[in-house]
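Note sheet for the following structure.
Worth knowing before you read on, the calculation uses all heavy atoms, side chains too, and leaves out hydrogens, waters and symmetry mates. In what follows, residues are counted from 1 in the order of the sequence shown. Start at 1 and go down the list; that is how both ligands and their atoms are numbered. Since this is a predicted model, take the numbers as computed values, not measurements.
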Amino acid sequence: MAKRKNKNIILPVAHTMSKALYNTWLLYVLLISILAAATYYLYRANSSPLEKPPINALYKQPEQPIDARVENLMNYMTLEEKIGQMALVDKNSLKKIEDIGAYNLGGILSGAGSKPKNNTPEGWHEMVSGMKEQARKSRLGIPIFYGIDANHGNGNVPGSTIFPHAIGLGAANDIKLTESVATATAEEIATTGINWSYSPSLDAPLDIRWGRVYEAFSDDPALNARYGAAFIQGTQAANNTDSSKSRVSATAKHYLGTGSMQWGQSKNKGFKIDQGVIPAREDLLDSHYLPPYAAAANAGVASVMVGLSFWGDTRVIDNKHLVTEKLKDQLGFKGFVVSDWYGMYEFSGKSQYKASAETINAGVDMGMLPFEYKGFIKDVRRGVNQGEISQERIDDAVRRILYQKFKTGLFDEVPNSFDPSTIGTQKNHALARKAVAASSVLLKNENSTLPISKDAAKNILVAGSGADNTGRQSGAWTIEWQGVDGNNIPGATSILQGIREVAGTGSTVKYDKEARFENTTLADVAVAIVSEKPYAEGFGDNPNPSLEELDKKVIERLRTRSKKVVIVVISGRPLLMTDQVAQADAVVASWLPGSEGGGIADVLFGDQPFRAKLPLPWPTTLSQIPTTINGITADSTQSLYDRGFGIVN
Ligand code: BGC
């Protein structure tokens with residue numbers, strides 16, 4: 001049609017001029033048309049905003065199919081607006097709140113510890129609602145994702161229920177429970193207005209010296225696949241019956257191979273193994289590294305976070321084969337890929353311009369920048385204009401992000417007021433308590449020590465660094481990034497409190513952190529609650545994860561003051577404590593249980609059974625670390641306890 005029209009204009013004019021003049025004239029017209037087309041294209045793609053879309057634009061209609069809504073919205077977007085959607089900014093790096101709308105930012109996050117001035121659930125709701133409002137008021141009204149590390153309950157927000165960390169859920173060996181914990185967590189996240197969680201971790205730790213072992217369910221990819229999928233389904237199921245509310249999106253992380261890094265090879269000078277090097281074993285991809293992500297993709301996970309590690313010589317994030325060919329093409333992952341904290345630039349050795357182009361080309365859809373968004377938008381725009389990044393790649397990234405926003409109801413959400421009755425609820429505390437009991441692994445039980453008889457055990461001693469310390473039992477990613485060391489988690493019950501409550505009035509419970517019980521009669525049973533100080537990420541890389549001197553002394557002292565000694569281990573990983581295990585009658589691994597100390601008392605006194613199994617091997621000596629991908633110790637000797645071990649009663 002268009003061609004015929006042009007011919008009709010040109011031909012009559014041609015009759016009136018010479019052939020040479022006609023040719024020049026034709027060339028001139030052609031040049032003008034090309035110039036006009038190019039200007040129009042650049043205008044559409046790059047420059048000043050187009051007019052506001054109509055109030056009833058198709059993408060605003062909830063009843064329209066998601067794909068149609070995405071395409072309709074894409075038609076209205078300038079290149080800059082598209083790139084804005086690919087930017088994820090920490091809330092502390094926002095120059096001003098209006099920038100959310102002005103730059104059409106795709107997401108805001110609270111990196112751990114990045115909290116509102118009014119650090120209460122209501123304060124969080126107010127802050128997040130204010131940011132959502134900025135997005136809603138913008139030219140296209142594209143809602144933001146607001147992300148948080150809700151690794152074990154919405155731990156950054158005081159007053160939330162703190163569930164066991166993932167390693168405990170891995171031990172609990174209960175898919176239904178994992179799903180319920182994820183749903184309860186997502187409900188508490190949604191109460192604060194937040195709609196995106198950076199959980200679950202699908203990492204498979206082979207080295208207990210790594211400071212992130214507890215964030216993983218297990219060292220076994222098959223278990224990670226099962227628990228990860230359950231966690232994702234549980235998270236994304238929350239709120240799905242109320243169309244006025246948005247739902248919470250889950251994130252599977254840290255793609256790919258995280259947990260297989262090698263000690264001493266961290267790229268981060270302050271760390272030892274975190275952010276390190278994974279041997280580039282192509283032969284293990286399909287059998288070992290990809291299955292958890294295949295399960296996550298099948299469970300419909302909204303996003304996958306690429307980790308900060310290297311795959312051999314290259315950063316995982318630069319590896320198109322891994323990020324695009326394997327994850328998106330082979331596994332059919334339909335969500336979007338987000339980078340980890342500063343991940344586009346970290347260890348790249350290149351300019352930010354080059355690094356962002358390379359990672360986007362590898363398949364990253366959204367950059368957790370998390371600082372400078374104006375520079376990012378400029379860089380990527382330049383990358384597109386100079387042909388380093390294709391328009392198709394940008395469109396694919398933005399489509400993926402928008403699809404999830406539509407799918408999870410972000411566009412159709414009705415602003416709501418804060419509802420205090422939906423956070424830290426009794427129901428959720430009860431669920432958390434059940435999860436704590438379910439995740440406690442009974443490693444040793446001699447002389448019929450456990451369960452402790454409420455009738456026969458008249459004198460009970462309690463001691464140790466973890467006995468009365470809700471900060472330690474909650475671990476990191478609670479209130480602060482590195483957690484808190486002290487009895488100060490709002491709404492939490494310490495293990496000592498739990499023991500006092502469950503033991504009842506028939507027994508006397510005496511407590512001294514250091515077990516200085518010199519003048520007491522020989523007790524019936526003593527409980528040593530030993531623990532690790534909280535740590536997150538590389539700060540927890542520890543060449544010799546073992547007991548603190550205080551806790552070793554506590555065990556020795558209790559041994560002389562009690563007929564029977566139980567050790568309860570509160571830790572983010574198996575600890576090297578073979579000598580102490582030998583000194584005890586019973587040993588329980590309770591991981592990082594969270595706010596419900598009562599759950600541990602429940603299993604100690606037999607109100608709940610021991611059912612949990614070790615989700616990873618518990619080594620005897622340092623020489624056994626790391627284990628191989630097939631669960632064999634480094635020196636080929638027998639672990640103290642193998643994965644799957646756990647006495648049931
Ligand atoms: C961690 C991620 C986390 C992100 C945002 C990074 O340092 O590796 O697991 O989701 O920070 O807090």
Atoms of ligand 1, numbered as shown, that sit under 4.0 Å from any heavy atom of K253: 2 (C), 3 (C), 9 (O), 10 (O)
Y198 heavy atoms within 4.0 Å reach ligand 1 at atoms 10 (O)
K267/E346 salt bridge by N-O under 4.0 Å criterion: no
Tell me: protein heavy atom nearest atom 12 (O) of ligand 1, and distance? D149 OD2, 2.4 Å
On the 0 to 90° scale, with breaks at 30° and 60°, tag the W341-F371 ring pair as parallel, tilted or perpendicular. perpendicular
Measure up the H165 and Y214 rings against each other and bin them: parallel (under 30°), tilted (30 to 60°), perpendicular (over 60°). perpendicular
With only distance considered, is D340 within less than 3.5 Å of ligand 1 through an N or O on each side? yes
Number the atoms of ligand 1 from 1 as they appear, then name those within less than 4.0 Å of a heavy atom of R212, with their elements. 1 (C), 2 (C), 8 (O), 9 (O)
Considering both backbone and side-chain atoms of W477, is one of its nitrogen or oxygen atoms within less than 3.5 Å of a nitrogen or oxygen in ligand 1? no
May I ask you to say whether R573 pairs ionically with E532, meaning some side-chain N is under 4.0 Å from a carboxylate O? yes
Any nitrogen or oxygen of H254, side chain or backbone, less than 3.5 Å from one on ligand 1? yes
For A476, is there any backbone N or O sitting under 3.5 Å from a side-chain donor or acceptor partner on T478? yes
Test: K95 and E372 ion pair at under 4.0 Å: yes
Ion pair D149/K253, N-O distance below 4.0 Å: yes
For ligand 1, which atoms sit closer than 4.0 Å to a heavy atom of W341? 6 (C), 7 (O), 11 (O)
With nothing but distance in play, are any N or O atoms of E215 less than 3.5 Å from an N or O of ligand 1? no
